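In what follows, chains carry the letters A, B, and so on, assigned in the order in which the sequence lines appear, proteins first and then strands, with residues in each chain numbered from 1. Both backbone and side-chain heavy atoms feed into the values below; hydrogens, waters and symmetry mates do not. Note that the coordinates shown come from a computational prediction; the quantities given were computed from them, not determined experimentally.
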Number of protein chains: 2
Amino acid sequence: MTPTNARYAPEKHAKPKADGRLARGEATREKVLDAAERLFAEHGFEGVSIRDIAREAVVSLSVVGFHGGSKDDLFLTIFQRRAETLNRARSEALAELRARKGAALTRRDILEAYVLPYSRMAWSGDRQWAAYAKLIARIATDERWYPRVREFFDPIAQDFLAAMIAVDPDAPRDRLAMAFVVSVTAMLSVVSSNMRIATLSRALGAEAPTDPAWYNAVLIGFCEGGFENALRVSDGT
Amino acid sequence: MTPTNARYAPEKHAKPKADGRLARGEATREKVLDAAERLFAEHGFEGVSIRDIAREAVVSLSVVGFHGGSKDDLFLTIFQRRAETLNRARSEALAELRARKGAALTRRDILEAYVLPYSRMAWSGDRQWAAYAKLIARIATDERWYPRVREFFDPIAQDFLAAMIAVDPDAPRDRLAMAFVVSVTAMLSVVSSNMRIATLSRALGAEAPTDPAWYNAVLIGFCEGGFENALRVSDGT
DNA sequence: GTCTATATGTAGATAGAC
DNA sequence: GTCTATCTACATATAGAC
């Protein structure tokens with residue numbers, strides 16, 4: 001697991017000064033945000049105190065407040081910081097596919113363009129991007145936080161849904177919406193529960209899969225088959 | 001949404017006294033556990049204080065400690081309290097199908113036997129069972145809590161996986177494990193995010209689905225198609 | 001920009017009266 | 001069994017020195 005992926009590894013968000021180094025305050029700010037990102041990803045918002053963050057970042061307590069503002073602000077800032085990079089990766093993946101395949105675009109292609117940027121991020125080998133991926137998985141089903149961060153994710157989701165509709169204009173919209181939400185949750189769950197998948201595999205006598213490409217392939221296969229079957233009009237039970 | 005389902009509505013876990021009424025202490029205990037269940041489901045473990053629970057249950061602070069023990073104990077007790085009922089419903093559903101269909105059992109049947117008892121519970125119209133369903137969805141992907149409650153869920157999951165293997169003995173075990181975990185997450189996500197599905201449906205110009213049977217049908221359809229596609233050996237990307 | 005010090009509130013837990 | 005009262009620890013936030 002966790003092969004390095006150059007795409008995400010070098011990503012840093014502080015602006016370098018003219019001389020190429022970060023301003024001192026800027027570097028501290030990054031340290032604080034990075035520490036908060038890791039801890040929030042691991043323990044959730046309420047499970048982390050500002051003192052924990054200060055300790056993890058190796059700064060004093062009030063430095064966290066200075067750079068991060070209130071605890072709520074700090075949490076939102078962490079989302080904001082990387083959202084654009086992820087969104088851009090997804091948009092570019094979709095645009096590239098559209099350019100290359102045109103009308104031959106399939107649902108599988110669209111799913112890949114949505115899933116793979118996130119997957120690469122989660123398994124990039126960069127612990128901050130991995131933490132961010134976990135954090136997204138954590139808040140996506142959280143009714144308290146999702147409304148406050150949806151602005152970062154919903155627009156791109158709309159684009160992908162539009163692409164799905166273009167592939168099959170007759171698909172019932174409600175089923176499409178549900179298949180999409182379920183697919184997104186499935187994607188997030190693979191990152192947050194690959195430990196469970198590994199455990200369960202071993203319990204069944206198989207080796208625990210370790211290759212991200214394997215997880216991607218099975219996940220995308222699952223969602224592709226799921227979409228197809230869910231969109232077929234039929235009412236059971 | 002939320003039609004009453006008699007199966008779960010009358011469920012109460014305190015033992016009645018010989019005269020048919022609950023002992024006073026027992027009734028208080030139930031009040032405390034019910035309040036904790038609702039609040040933990042809504043706000044998570046760290047998001048709820050013992051004082052919150054006391055207020056919700058309309059008892060004094062120390063009564064919560066008296067009946068619930070430590071906060072950790074209280075949380076685990078809530079899980080324990082209803083786990084057996086849910087497990088029994090699932091086992092019975094599977095046994096009934098096996099008796100009725102024998103070797104003609106399908107993956108779809110097995111999925112239904114796993115999903116429907118949970119779905120009925122979540123939408124039973126009883127707010128405590130609904131809260132319990134939300135609580136399960138909340139901790140299922142929580143690395144801190146899942147190890148402490150898996151004993152309540154893993155045995156039954158093993159039974160269902162065994163049934164899946166019986167249907168298709170050649171299915172690769174690792175893919176089976178992953179398809180199962182993803183299906184379970186999908187099931188849980190429908191309960192915790194049906195608001196998002198509804199919102200997204202409206203955004204696409206459809207009405208927001210309100211019928212639990214519709215959610216069940218689309219979900220099971222999705223998982224069925226997902227399983228089938230995920231188990232096929234093929235490696236993309 | 002970063003520190004120490006502290007104001008102010010709330011957390012979990014329990015002792016002891018009734 | 002249930003209450004009031006309180007212990008001790010830790011929370012967020014910020015004022016003010018350097």
Side-chain angles (χ1 to χ4, degrees), chain A residues 12-19 21-40 42-79 81 144-145 148, chain B residues 12-19 21-40 42-79 81 144-145 148:
Chain A
K12 286 289 167 245
H13 290 79
K15 290 160 206 123
K17 299 274 278 195
D19 66 359
R21 291 171 307 136
L22 297 177
R24 191 150 110 81
E26 203 79 26
T28 305
R29 183 184 134 95
E30 291 294 303
K31 267 208 309 188
V32 169
L33 294 183
D34 284 355
E37 188 168 56
R38 292 196 299 274
L39 292 176
F40 282 142
E42 209 59 43
H43 306 108
F45 183 78
E46 286 92 354
V48 175
S49 72
I50 295 189
R51 281 171 165 79
D52 293 334
I53 296 169
R55 197 178 312 119
E56 174 83 8
V58 197
V59 300
S60 80
L61 183 59
S62 48
V63 168
V64 178
F66 180 81
H67 285 293
S70 75
K71 199 181 173 188
D72 274 38
D73 287 345
L74 178 56
F75 193 78
L76 291 172
T77 301
I78 287 168
F79 264 92
R81 184 167 66 140
R144 172 143 168 263
W145 282 106
R148 303 181 66 181
Chain B
K12 286 291 167 242
H13 289 79
K15 292 160 204 121
K17 298 275 277 195
D19 67 358
R21 289 171 308 136
L22 297 178
R24 191 150 111 81
E26 203 79 25
T28 306
R29 184 184 133 95
E30 291 295 303
K31 265 207 312 190
V32 169
L33 294 182
D34 285 355
E37 188 169 56
R38 291 195 299 274
L39 291 177
F40 282 141
E42 209 60 42
H43 306 107
F45 183 78
E46 287 91 355
V48 174
S49 73
I50 296 189
R51 283 171 168 80
D52 292 335
I53 296 169
R55 198 179 311 120
E56 174 82 8
V58 197
V59 299
S60 80
L61 181 59
S62 48
V63 167
V64 178
F66 180 80
H67 286 292
S70 75
K71 199 181 173 189
D72 275 37
D73 287 345
L74 178 55
F75 193 77
L76 291 173
T77 301
I78 287 167
F79 265 92
R81 185 167 64 141
R144 171 143 169 264
W145 282 107
R148 303 180 68 180

Quiz item: What nucleotide among D:dT2, C:dA13, D:dA13 has an atom nearest to a side-chain atom of B:R51?
Solution: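 Per side-chain heavy atoms of B:R51, the pick is C:dA13.
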Self-check item: A:K71, nearest nucleotide to its side chain (from C:dG12, D:dA13, D:dT2)
Solution: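 Nearest to the side chain of A:K71 among the choices is D:dA13.
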Practice problem: Answer whether the closest heavy-atom distance between the side chains of B:I50 and B:L74 falls below 4.5 Å. | Solution: no
What's the [atom1]-[atom2] distance between [X] and [N], to the nearest Å?
X: A:R29; N: C:dT2; atom1: CZ; atom2: C1'; result: 16 Å
X: B:L74; N: C:dG12; atom1: CG; atom2: P; result: 11 Å
X: B:E46; N: D:dA11; atom1: CD; atom2: P; result: 12 Å
X: B:I53; N: C:dT10; atom1: CD1; atom2: P; result: 17 Å
X: B:K31; N: D:dG1; atom1: NZ; atom2: P; result: 15 Å
X: A:F45; N: D:dA11; atom1: CZ; atom2: C1'; result: 12 Å
X: B:I50; N: D:dC10; atom1: CD1; atom2: P; result: 16 Å

Quiz item: Looking at CD1 of B:I53 and CD of B:E56, how far apart are the two atoms once the value is rounded to the nearest 0.5 Å?
Solution: 9.5 Å
Self-check item: Atom pair CD (B:E46) and OG (A:S49), whose distance is rounded to the nearest 0.5 Å
Solution: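 Reported value, rounded in 0.5 Å steps: 11.5 Å.
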Practice problem: Answer yes or no: is there an ion pair linking B:D52 with B:R38, defined by an N-O contact shorter than 4.0 Å? | Solution: no
Exercise. Check each residue of residues 57-70 of chain A for a non-hydrogen atom within less than 4.0 Å of any atom in DNA chain D, then write out the ones that pass by number, or none.
Key: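 Hits under 4.0 Å, by residue number: A:L61, A:S62, A:S70.
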Self-check item: Taking every non-hydrogen atom, the tightest pair across B:F45 and B:K71
Solution: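 Scanning both residues, the minimum pair turns out to be O-NZ, 3.1 Å.
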Practice problem: Can you label the angle between the A:F75 ring and the A:W145 ring as parallel, tilted or perpendicular, going by 30° and 60°? | Solution: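 Tilted, since the angle between the ring planes falls between 30° and 60°.
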